[in-house]
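One structure below.
This chain uses plain numbering: 1 for the first residue, then up along the sequence.
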Amino acid sequence: MKAYVFPGQGAQFPGMAKDLYDSSEEAKQLLESANEILGFRITDIMFNGTDEELKQTKVTQPAIFLHSVVLAKISNNFQPDMVAGHSLGEFSALVASGVLSFEDGLKLVSQRALAMQKACEINPSTMAAILGLEDEVVEKICDDIDEVVVAANYNCPGQLVISGSHKGIELACEAAKAAGAKRALPLPVGGAFHSPLMEPAREELEKAIDSTVFSQGVCPIYQNVTAKASTDLNEIKENLKIQLTAPVRWTQSVQAMVADGATHFIESGPGKVLQGLVKKIHREAEVDSI
């Protein structure tokens, strides 16, 4: 069975989607319509912008979403048995599988990016990657710290990203190193994504999700919050609302997809980050990109 997976923030690069725009009329039309929907020419930044310009939250998230969705839309053999997306990628997966329209998905991603930016300004905070420790050990370290610090991204065995206040992250990194972590790396991000500090953004996004039309998709989606197959639209909406303040259970999602019959994982989007994670989670999986 084929599982299509969609990347999250961090996969962007200068020149992204330019080849799609130049080689496909359908891609060109979708990207031009995105410029109109967003009210600025995001394609100019995607094709010609610097790393710094692409790192702006209002640009990064829509840019990765667009590259991922356009790839799936123009693919001749996009026939998923199941889909999943890492954080932001969940929105790409919902559009590619027909749950959300292209326009609605892009609007939600844009609103999400701006809401997250605001939340970062309200609660200055950060994230760090902890490498080489069991998940349970990292969870215990977070629980024992008297600051906001939580497990945020279960990326693969031995790689867990934590999220929280600057002080909380600093203390957790020290404790992780003392516990034998290979590395405890603060990440160059603007805030504590997938933590309680994103509550202002969650509230804002909840309203936008409630006013958006969701339709029955072509296959189940394995969502970050539950790591289980969902086809029920109310369930999908509720999970999407919680996503910003809950952890991304990527390891568990891939394991669930494999248990349900996935043998071939195909990444749709810039980069190959998810292919690497899938191989670390399930060595026998076949991985490639569109």
Side-chain angles (χ1 to χ4, degrees), residues 1-9 61 65 68 80-100 105 108-109 112 115-116 127 134-136 138-139 142-143 150-157 159-163 192-199 201-203 205-206 208-210 212 214-263 265-269 273-274 277-278 280-282 285:
M1 292 176 81
K2 286 184 180 178
Y4 281 81
V5 292
F6 298 81
Q9 211 159 323
Q61 295 192 27
F65 166 87
S68 304
D81 296 302
M82 53 186 86
V83 293
H86 190 290
S87 188
L88 154 73
E90 192 158 286
F91 290 82
S92 309
L94 288 168
V95 172
S97 61
V99 176
L100 290 171
L108 282 177
V109 165
R112 179 183 190 266
M116 286 169 78
M127 302 174 83
E134 297 286 326
D135 290 349
E136 296 75 20
V138 182
E139 289 165 350
C142 292
D143 288 345
V150 296
N153 296 349
Y154 293 82
N155 284 337
C156 66
Q159 188 189 126
L160 205 167
V161 174
I162 58 173
S163 189
F193 306 143
H194 301 288
S195 84
L197 297 174
M198 283 290 116
E199 181 60 25
R202 188 201 64 76
E203 287 172 9
L205 194 61
E206 182 172 12
I209 288 167
D210 278 334
T212 300
F214 282 62
S215 307
Q216 206 59 56
V218 296
C219 65
I221 179 165
Y222 288 69
Q223 291 186 276
N224 293 177
V225 171
T226 60
K228 292 176 185 167
S230 297
T231 53
D232 179 270
L233 296 181
N234 286 328
E235 191 178 272
I236 289 170
K237 282 173 98 161
E238 290 311 306
N239 289 340
L240 210 54
K241 289 174 188 175
I242 305 163
Q243 195 220 50
L244 271 184
T245 52
V248 174
R249 299 186 182 279
W250 188 253
T251 300
Q252 298 88 335
S253 297
V254 172
Q255 288 167 340
M257 293 163 101
V258 169
D260 291 345
T263 54
F265 287 79
I266 303 159
E267 186 164 3
S268 180
V273 171
L274 296 185
L277 295 181
V278 168
K280 286 175 181 167
I281 296 163
H282 186 68

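- At least one donor-acceptor pair closer than 3.5 Å links the side chain of Asn224 to the backbone N or O of Gly85.
- Counting heavy atoms from C-beta outward, Val161 and Phe193 have side chains that stay 4.5 Å or more apart.
- Taking all atoms of both residues into account, the shortest heavy-atom contact from Tyr222 to Glu90 is O-OE1, 4.3 Å.
- Atom OG of residue Ser97 and atom CE of residue Met82 lie 12.5 Å apart, to the nearest 0.5 angstrom.
- At a threshold of 4.5 Å between non-hydrogen side-chain atoms, the residues Val83 and Cys219 count as touching.
- Summarising the geometry, atom OG belonging to Ser92 is positioned 10.5 Å from atom CG belonging to Leu100; distances are rounded to the nearest 0.5 Å.
- The shortest distance between side-chain heavy atoms of Met116 and Gln61 falls below 4.5 Å.
- Counted within 6.0 Å of CD on Glu199, heavy atoms from surrounding residues, nucleotides or ligands total more than 12; the atom is thus considered enclosed.
- Between the CG atom of Asn153 and the CE atom of Met127 there is a distance of 4.5 Å, given to the nearest 0.5 Å.
- Side chains of Gln243 and His194 form a contact here, defined as non-hydrogen atoms less than 4.5 Å apart.
- Atom NZ of Lys237 has more than 12 neighbouring heavy atoms from other residues, nucleotides or ligands inside a 6.0 Å radius.
- Tyr154 has its side chain within reach of Glu139: a pair of non-hydrogen atoms, C-beta onward, lies under 4.5 Å apart.
- The OG1 atom of Thr245 sits 10.5 Å away from the CG atom of Leu197 when rounded to the nearest 0.5 Å.
- Looking at heavy atoms from C-beta onward, Ser87 lies out of side-chain contact with Gln9 at the 4.5 angstrom threshold.
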